[in-house]
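Below is one structure, written out as structure tokens, with a few remarks after it.
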Protein chains: 2
Amino acid sequence: MQEGDEAQRGHKSGPPMTIYDVARTAGVSIASVSRVLNGHSSPRQETRERVMRAVEELGFVPDGAARALSSRLKEVVAVVFRRTRFELSTDPEFEDEADSLVFVDVLNRGIEVAAQNQGFDLLLSSVEVNEHAPGGKISKLAGKSDGVILHDRVLNPSGVVRLAERLPVVTLASTPTRASVNIVGDNAEGMRELAHHLLGTHGYRSIGYLSGHSDSPDNLTREKALRAVAAEYGVPVSAGPRWTGEYSAAGGARVIRRLISDGVQLPQAICCANDQTALGVVYELRHHGLKVPDDVAVTGFDDVSIARHVSPALTTVRQPIERLGALAFETLHDMINGARPAERQIVLPVQVVYRSSCGCRPEPAPSSRRDETMR
Amino acid sequence: MQEGDEAQRGHKSGPPMTIYDVARTAGVSIASVSRVLNGHSSPRQETRERVMRAVEELGFVPDGAARALSSRLKEVVAVVFRRTRFELSTDPEFEDEADSLVFVDVLNRGIEVAAQNQGFDLLLSSVEVNEHAPGGKISKLAGKSDGVILHDRVLNPSGVVRLAERLPVVTLASTPTRASVNIVGDNAEGMRELAHHLLGTHGYRSIGYLSGHSDSPDNLTREKALRAVAAEYGVPVSAGPRWTGEYSAAGGARVIRRLISDGVQLPQAICCANDQTALGVVYELRHHGLKVPDDVAVTGFDDVSIARHVSPALTTVRQPIERLGALAFETLHDMINGARPAERQIVLPVQVVYRSSCGCRPEPAPSSRRDETMR
DNA sequence: CTGAAAGCGCTTACAG
DNA sequence: CTGAAAGCGCTTACAG
């Protein structure tokens with residue numbers, strides 16, 4: 001009876017079902033429908049069954065906006081990350097962007113999985129690098145969610161504080177503020193250990209730092225740690241404006257290409273700000289007939305999954321990327337539930353993964369994939 | 001005056017602002033506030049200014065749920081993709097997953113950027129591969145959005161139809177139904193051209209197809225196209241159960257490792273279901289002392305960004321990934337606005353990109369990054 | 001141009 | 001255990 005006039009025009013099927021329709025066909029009040037749908041214990045078996053039958057029959061799904069409005073919970077957390085101009089074009093110029101986002105994607109996946117576990121969904125939004133007022137867009141996003149997770153470089157500290165005064169905010173790979181919590185990997189320790197390996201164990205006498213975004217806290221911390229260790233060893237560090245790879249393979253390749261074409265003497269080892277950059281660097285070095293690691297050692301950061309599937313396999317610093325994302329959600333979720341965070345920043349340990357690109361071994365044995373040395 | 005009691009406890013700042021607060025401090029009705037906030041033309045300059053001042057002063061942001069409820073538009077589209085068990089562990093066993101998702105991530109980014117252009121946000125959700133009733137989770141998601149974009153393999157056709165009867169649905173790299181629209185790259189044509197290049201131009205006399213997920217329409221179409229061309233040339237195709245790489249680098253490497261350890265004779269060329277797989281294959285072949293492309297030619301599919309930054313640079317089929325995503329959103333957006341789609345499926349052209357891994361050239365010239373031949 | 005009021009579709013005290 | 005009713009915070013005819 002109530003199906004007749006619907007099936008006719010696809011999703012344009014007249015006024016959508018509401019809880020009133022369900023109540024009517026089940027012969028109960030809307031309160032009862034609501035209660036069984038929300039798994040309350042009160043409705044007795046028979047009521048429950050009648051409601052479920054009606055729900056089934058009508059294919060009813062409660063409206064999320066109405067639920068959110070009356071229960072004061074949207075079950076949505078917003079995630080904002082930064083994107084550098086991205087024009088939906090196929091112009092190779094824009095490719096830097098896409099491959100520098102692998103880390104962000106994996107992080108988001110970690111958030112997403114953790115969110116699912118609590119019945120929350122992710123509202124994903126990116127802000128343009130030179131967007132004048134990201135605050136406006138982010139405010140709107142805040143209106144659609146219960147809390148916000150901000151990747152690095154999307155809002156300045158005062159913007160973060162302002163937002164955090166309105167709703168719970170957690171930042172990722174950024175800096176804590178008095179109102180928000182920051183989740184980050186132990187960049188300093190990871191880079192320190194890697195640098196000691198390069199300069200101590202391998203004894204390289206010159207080193208370069210191929211940087212990521214200059215306003216990325218991760219990048220800054222890594223460079224600083226490398227410089228500190230290099231100073232201990234009295235080894236010069238090549239870095240600066242000519243060494244900016246922007247976290248991308250294309251950027252890493254570009255730096256090497258220019259350095260070589262300018263006749264600059266390359267250091268014995270190059271620490272890249274992330275794995276993508278290292279991939280681009282290895283590629284470009286080989287192009288010019290240089291062997292990695294024999295002529296130049298190269299390392300990455302993050303340990304994204306392709307790092308082990310290239311030759312030479314990349315020596316890098318493994319960050320618990322998904323875990324960082326999951327922890328960001330969990331922390332935010334607690335805050336949404338009214339808990340006040342115990343600390344302003346949570347630092348997760350990282351682990352140096354020794355493969356071939358640093359000069360450690362010719363190549364791992366083909367038969368075992370997990371033979372990396374993690375000391 | 002109204003700031004005093006707020007700044008004290010972070011986001012727990014008493015009852016949140018509402019449009020009534022703004023109206024009161026501006027000395028106008030809530031209707032006027034609503035009108036200026038929504039950019040209606042009616043309110044006169046003075047009213048507009050008073051409202052804006054109050055909004056600014058209070059840091060007011062309208063509640064998204066309330067807006068959605070009364071305007072019947074959430075400005076949210078849900079995106080659902082499939083994830084194979086993902087436990088937030090660092091167990092290498094689970095790495096296949098992460099790297100097989102690059103394509104999905106780029107697709108999502110295309111959707112996201114297009115959505116932003118229309119003021120929409122993405123509600124991202126993944127479903128487990130062996131989730132019994134993804135329908136439940138997806139229904140709930142549908143309740144939170146105005147339309148849904150489904151990646152391949154998340155819902156069977158009847159599930160898609162059922163969902164599409166309730167709200168607009170667009171699928172990606174999947175199959176059209178009578179109620180939903182599918183957006184897909186021209187897999188058949190791309191693979192056909194690639195196969196002709198391998199078997200015709202290069203004259204390889206044996207070929208393998210290293211497959212992706214067996215229930216992925218893309219994968220099926222690619223294999224079928226390859227077989228058809230191979231048949232024309234009378235060239236045998238190695239494929240099947242021992243050739244399943246599941247779209248990941250780890251999977252591709254695994255297949256090669258087993259084939260070699262079983263003493264199987266490898267074909268002269270291996271077509272991989274996607275780029276990640278090809279990366280794993282190249283890696284593993286080299287491990288065993290085999291040269292690519294001299295001993296075995298290898299090709300990918302998709303042309304993700306790292307494809308050009310590895311050696312040998314990957315010959316592959318470029319899909320307009322972001323464009324596919326953007327088109328999915330645009331199509332969905334039209335449907336949300338009441339347009340009935342003109343066609344059930346939109347196929348976007350793809351382009352074979354000839355680099356080195358097929359045997360075309362030793363290596364491209366270092367100085368130019370865009371010298372791929374696209375014929 | 002502006003305001004009072006109805007209504008969007010739910011949840012949840014409050015009675016019974 | 002169940003229902004009538006209020007209320008969540010907006011938008012938008014409807015009058016004026």
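All chains are named by letter (A, B, ...) in the order of the sequence lines, taking the proteins before the strands, and each is independently numbered beginning at 1.
Heavy-atom distances to DNA chain D give each of Ser29(A) and Tyr20(A) a nearest nucleotide, and the one nearer the 5′ end belongs to Ser29(A). Comparing Ala31(A) and Ser41(A) against DNA chain D, the residue whose closest nucleotide sits nearer the 5' end is Ser41(A). For Ser71(B) and Gly27(B), each mapped to the nucleotide of DNA chain C holding its nearest heavy atom, the one lying further toward the 5' end belongs to Gly27(B).
When each of dT11(C), dT2(D), dT2(C) is scored by its nearest atom to the side-chain atoms of Ser32(B), the top-ranked nucleotide is dT2(C). Here the nucleotide nearest the side chain of Arg35(A), chosen from dA13(C), dC10(C), dG3(C), is dA13(C).
Between the CD atom of Glu46(B) and the P atom of dT2(C) there is a distance of 8 Å, given to the nearest Å. The CG atom of Asp63(B) sits 16 Å away from the P atom of dT11(C) (whole-angstrom rounding). Atom P of nucleotide dG3(C) and atom NE2 of His40(B) are separated by 15 Å, given to the nearest angstrom. If you take CD1 of Ile30(A) and C1' of dA4(D), they are 9 Å apart, rounded to a whole angstrom.
Asn182(A) and Ser174(A) share no donor-acceptor pair across their side chains, judged by distance under 3.5 Å alone. Under 3.5 Å, the side chains of Thr25(A) and Glu57(A) contain no donor-acceptor pair of N or O atoms.
Side-chain contact between His151(A) and Val79(A) is present, with at least one heavy-atom pair separated by less than 4.5 Å.
Stem regions annotated for DNA chain D: C:1-3 with D:14-16, C:5-12 with D:5-12, C:14-16 with D:1-3, counting only runs of 3 or more consecutive pairs of Watson-Crick or G-U type with both contacts under 3.5 Å.
Judged by distance alone, with hydrogens and angles left aside, Arg72(B) brings no side-chain donor or acceptor close enough to the base of dG7(C) to form a pair under 3.5 Å.
Residue Ser34(A) is in base contact, counting any heavy-atom pair closer than 4.0 Å across all strands shown.
Checked for salt-bridge contact, Arg109(B) and Asp105(A) meet the test: a charged N lies under 4.0 Å from a carboxylate O.
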Practice task
Determine, stepwise, if the pair Leu150(B) / Leu163(B) fulfils side-chain contact (heavy atoms from CB on, under 4.5 Å).
Solution key: CA-CA 11 Å; Leu150(B) 260 24; Leu163(B) 187 66; 4.1 Å; yes

Practice task
Start with the C-alpha distance between Thr331(B) and Asp334(B), add both sets of side-chain angles, then the distance that settles side-chain contact (heavy atoms from CB on, under 4.5 Å), and finish with yes or no.
Solution key: CA-CA 5 Å; Thr331(B) 304; Asp334(B) 288 345; 5.8 Å; no

